[in-house]
Amino acid sequence: MNTRFLICAGSMAALLALAGCASSPGESIYVPAGGEAPKAPEPPRTSSEPKESPVWRKSEQPEVSEPAESSPRTSSPSYRDSGESLSPAALSLIREADSLLARGDAPAAIARLERAQRIAPRSAEVYFKLSEAYVASNQLGTAEQFTLKGLSLAGNDTQMQRAGWLLLADIRRARGNVAGADQAEARAAAL
């Protein structure tokens, strides 16, 4: 039994010594059968020469001349020039709001005007009406903001601008801003 054990231990030691001699430090002890390791295949190429994508610089691009005749301008002004025209639905809501304001029901009038605002969000008239409704409900800060928004949407409509500036002057005077009210009146008088 001891002899067998000694033979097995000796064989094992010999194998370990051979494995240690097969590689130098830092290399793998695995040696593939057949000697040299197979090379990895090269990746496929689409063409024999690599293509460079063209780089377009603005200075190298040909100049494109504009056509001699430009397209005729549309006769209708943009919304910034004239503001948005009211649809029949928005106009109906404004009329309802006017009658509600005449009866003293400012919250209901505001609700109608907010619906009109959703229908015609770029109409200065809707914003001025909303401002009047907020004045009636004694919310002067909100009223001033709606007036300013309406003025920004009034465009070239001088009558609408004048009405907006006068409304703003009244609101500012009611808030105690006399200088601001005077400025708004001066803007209205200049139109």
Are L140 and L148 connected into the same hydrophobic cluster when the rule is that any two of I, L, V, M, F, W, Y join if their side-chain heavy atoms are below 4.5 Å apart?
yes

Linked, directly or transitively: L168 and V126 (ILVMFWY side chains, under 4.5 Å):
no

So which atom in [X] and which in [Y] form the shortest heavy-atom distance, rounded to 0.1 Å?
X    : Y    : answer
L86  : S123 : CD2-OG, 3.3 Å
A106 : S137 : CB-CB, 3.9 Å
A116 : A90  : CB-O, 4.0 Å
L167 : S131 : CD2-OG, 3.6 Å

N/O donor-acceptor pair under 3.5 Å between [X] side chain and [Y] backbone:
X    : Y    : result
S99  : E96  : yes
R162 : L191 : yes
R172 : N177 : no
T147 : A143 : yes

Atom [atom1] of [X] and atom [atom2] of [Y]: how far apart are they, to the nearest 0.5 Å?
X    : Y    : atom1 : atom2 : result
I94  : R112 : CD1   : CZ    : 13.0 Å
Q139 : L130 : CD    : CG    : 11.0 Å
E144 : I171 : CD    : CD1   : 6.5 Å
T142 : N138 : OG1   : CG    : 10.5 Å

Within the structure provided, determine whether [X] and [Y] are in side-chain contact (heavy-atom separation under 4.5 Å).
X    : Y    : result
D98  : K129 : yes
I110 : Y134 : yes
Y127 : Q117 : yes
L113 : L93  : no

Contacts of type ring-ring contact (aromatic ring centres under 6.0 Å, His included), residue F128, not counting sequence neighbours:
none

Is it true that atom CZ of R173 has more than 12 heavy atoms of other residues, nucleotides or ligands lying nearer than 6.0 Å?
yes

